[in-house]
Amino acid sequence: MSAPNERIWLIIAAIPYGHVTTYGQVAALAGLPNAARTVGRILSNLPTGTKLPWHRVVNARGEISLTGAQATRQKKLLVQEGVTVTRKHVSLAEFGWQP
DNA sequence: AAGCTGACGTATT
DNA sequence: AAATACGCCAGCT
């Protein structure tokens, strides 16, 4: 496990219930301001049963970046947490998160 | 070691 | 509004 990877995990794990963040935000908090892609790549590499709330991470527009079944799963999880998800975008109310 | 890839982001066309 | 191009960073081949 490399260091940035671990920081990213910790940051995602700290996202509060019912809130969402962006890939770029996670990357920035991890100390890698332009590594949004890295965050996505790492999430794609997560084991199926991971405890990380990866579904609370969306792209800069507040939309789900995944497609098909994956997107459906993420949307469902968010809705279950009380997050308002319209089509693919999350309402601004639960957007952003300051530790 | 070198190059390719990707759950992104922003600027252009 | 949608598609394309480029930059960025870590992991894989």
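Chain identifiers are assigned alphabetically (A, B, ...) following the order of the sequence lines, protein sequences preceding nucleic acid strands; residue numbering begins at 1 within each chain.
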NA contact type, A/Leu43, heavy-atom cut-off 4.0 Å: base, sugar-phosphate, or nothing? base
Describe the nucleic acid contact of A/Thr38 in one word from base, sugar-phosphate, nothing, applying a heavy-atom distance below 4.0 Å. base
Distance check needed: B/dA7 P versus A/Leu77 CG, whole Å only. 18 Å
How many whole angstroms separate atom CD of A/Glu63 from atom C1' of C/dA2? 13 Å
Under 3.5 Å, is there a donor-acceptor pair between the side chain of A/Arg56 and the main chain of A/Val20? no
Please check if any side-chain donor atom of A/His19 sits under 3.5 Å from a side-chain acceptor atom of A/Glu81, or the reverse. no
Please state how far atom CZ in A/Arg87 lies from atom P in C/dA1, giving the value in whole angstrom units. 11 Å
How many Å lie between CG on A/Leu46 and P on C/dG11, as a whole number? 12 Å
Could you state the CD1-P distance from A/Ile11 to C/dA10, rounded to the nearest angstrom? 13 Å
Base of C/dG7 paired with side chain of A/Arg37 (donor-acceptor, under 3.5 Å): yes
Round to a whole Å and report the spacing from CD1 of A/Ile42 to C1' of B/dC8. 13 Å
Spacing between A/Arg41 atom CZ and C/dG11 atom C1', to the nearest angstrom: 4 Å
If I take atom OH in residue A/Tyr23 and atom C1' in nucleotide C/dC9, what distance separates them, rounded to the nearest angstrom? 16 Å
Does B/dC8 have OP1 or OP2 under 4.0 Å away from a side-chain N or O of A/Ser65? yes
Backbone of A/Leu46 reached by a side-chain donor or acceptor of A/Thr50 within 3.5 Å: no
Would you confirm whether A/Lys88, through its side chain, and A/Leu66, through its main-chain N or O, come within 3.5 Å as a donor-acceptor pair? yes
I want to check one thing: is the phosphate of C/dC12, taken as OP1 and OP2, less than 4.0 Å away from some side-chain N or O of A/Asn45? yes
